[in-house]
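Letters A, B, ... are given to chains in the order of the sequence lines, protein chains preceding strands, and every chain is numbered from 1. All heavy atoms count here, side chains included; hydrogens, waters and symmetry mates do not. Remember, it's a predicted structure, so these values are computed and weren't measured experimentally.
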Protein chains: 2
Amino acid sequence: MKLSTRGRYGVKAMFELALNYGSEPLSIKTISEKQNISEYYLEQLFGSLRKAGLVKSIRGAQGGYVLSRPPSEITVGDILDVLEGPIEISECIDDEDNCSRIEYCATRLLWIKIRDSVNQVTHSITLEDMVNDYKSMNIITSIKRGE
Amino acid sequence: MKLSTRGRYGVKAMFELALNYGSEPLSIKTISEKQNISEYYLEQLFGSLRKAGLVKSIRGAQGGYVLSRPPSEITVGDILDVLEGPIEISECIDDEDNCSRIEYCATRLLWIKIRDSVNQVTHSITLEDMVNDYKSMNIITSIKRGE
DNA sequence: TTCAAAGTTGACAAAAATAGTCTGCTATGA
DNA sequence: TCATAGCAGACTATTTTTGTCAACTTTGAA
């Protein structure tokens with residue numbers, strides 16, 4: 001069980017936007033260079049993020065993307081839902097009909113527990129949390145270096 | 001993010017063995033018919049489970065598979081680790097070297113939090129728990145039917 | 001006003017992972 | 001001794017992932 005690159009790249013790119021929140025828009029090109037991700041591929045991901053209303057695009061020269069809400073109001077789960085699709089450990093979670101076998105309930109309950117646990121974590125961590133973690137880690141690193 | 005059929009089929013098959021624990025071995029054929037899973041494919045999965053020591057095989061006529069430990073001592077996480085590989089939300093969790101980019105720490109911490117959460121859930125649910133859930137659900141269903 | 005930067009869209013495709021099939025074995029209990 | 005059932009591994013079809021690309025639209029700035 002692992003995240004695809006869509007989820008990983010997407011979160012990293014959104015984190016970049018969060019670090020930059022309040023300043024000028026960041027272009028796909030800038031982000032793709034910072035994160036070493038294919039420019040074309042990132043474009044696709046931002047298309048999805050834009051349609052989902054998580055980012056706003058600003059066209060024209062010096063354009064780019066900005067978060068459409070403050071980092072404190074965007075969770076990692078919001079991003080992953082868009083790029084990975086909602087977590088669906090097993091298909092029969094939502095679809096009760098085609099699952100009439102005898103073990104149905106027992107495994108279904110299990111998948112739901114796993115899904116809820118992941119959702120609980122991802123939807124409780126915001127981009128602001130990540131930025132804060134990042135900043136405090138930098139401070140610690142500086143102290144360790146004796147700066 | 002979803003489980004592959006390996007994990008889903010494997011858990012269901014192991015649940016079947018748990019229901020049957022203490023009785024005669026179940027053959028691949030029996031399980032594959034109960035669960036409507038390809039016999040050949042199930043064989044592959046049981047090969048992995050056997051090598052990992054989760055099941056024992058009994059060869060010859062009337063042979064089959066049995067759990068190698070009581071259901072209370074096998075967690076869903078044990079099964080998923082074998083069939084899906086350990087959870088690796090992102091590759092850089094274990095591998096610190098090739099990840100020197102600036103946002104490294106912030107996203108890495110995130111992947112670790114998600115991974116730990118899934119592991120916590122899957123490794124705390126045993127086959128016995130599933131069997132108990134299953135049995136109590138059956139009782140409730142019977143009551144509802146007025147039986 | 002014009003042009004270049006930047007976003008938008010959708011088609012295309014290589015590569016990897018997944019899911020499943022099959023064949024020919026070996027072991028063993030009845 | 002033979003039918004049953006596991007063992008091993010090659011093989012393949014399909015799907016998903018991970019990109020790539022080209023043509024087009026919008027718009028800010030010179």
Taking A:Asp78 first and then A:Arg69, would you say they form a salt bridge - that is, a charged N and a carboxylate O separated by under 4.0 Å? yes

Which distance, rounded to the nearest 0.5 Å, do you find between the CZ of B:Phe46 and the NZ of B:Lys51? 14.0 Å

What pair of heavy atoms forms the shortest contact from A:Val11 to A:Met130, and how long is it? CG1-CE, 4.2 Å

Starting at CG of A:Leu49 and ending at C1' of C:dG7, how long is that distance when rounded to a whole Å? 14 Å

Phosphate OP1/OP2 of C:dT21 contacted by B:Ser38 side-chain N/O (<4.0 Å): yes

Is there a donor-acceptor contact under 3.5 Å from the side chain of B:Arg6 to the main chain of B:Leu83? yes

Could you give the CD1-to-C1' distance, from B:Ile28 to D:dC7, as a whole number of Å? 10 Å

Measure CG/B:Leu17 against C1'/D:dG6 and give the value in whole Å, please. 14 Å

Any B:Thr5 side-chain nitrogen or oxygen under 4.0 Å from OP1 or OP2 of C:dA19: yes

Closest to the B:Arg59 side chain, choosing from D:dC21, D:dT25, D:dG6: D:dG6

Where the side chain of A:Tyr40 is concerned, which of C:dT9, D:dT20, C:dT21 is the nearest nucleotide? D:dT20

Could you state the atom-to-atom distance from CG of B:Leu45 to C1' of D:dA8 in whole Å? 15 Å

Is A:Ser57 near enough to C:dT8 that one of its side-chain N or O atoms lies under 4.0 angstrom from OP1 or OP2? yes

If you measure from the Lys or Arg side-chain nitrogens to the Asp or Glu carboxylate oxygens, is any gap between B:Arg108 and A:Asp133 under 4.0 Å? no

Could you tell me the separation between the CD1 atom of A:Ile37 and the P atom of D:dT20, rounded to a whole number of Å? 12 Å

Take the protein atom OH of B:Tyr65 and the nucleotide atom P of C:dT28, then report the distance between them rounded to whole Å. 14 Å

Record whether the side chain of B:Arg6 comes under 3.5 Å of the base of C:dT18 through a donor-acceptor pair of N or O atoms. no

Expressed as a whole number of angstroms, how long is the span from A:Gln44:CD to D:dT20:P? 10 Å

Using a 4.0 Å heavy-atom cut-off across all strands, classify B:Gly63 as base, sugar-phosphate, or nothing. sugar-phosphate

Nucleotide nearest A:Ser27 when distance is taken to its side chain, options D:dT18, C:dG7, C:dG20: C:dG7

In whole Å, I'd like the distance from the CD atom of A:Glu43 to the C1' atom of D:dA23. 12 Å

Of the candidates D:dC7, C:dG29, D:dT20, the side chain of B:Arg50 sits closest to D:dC7

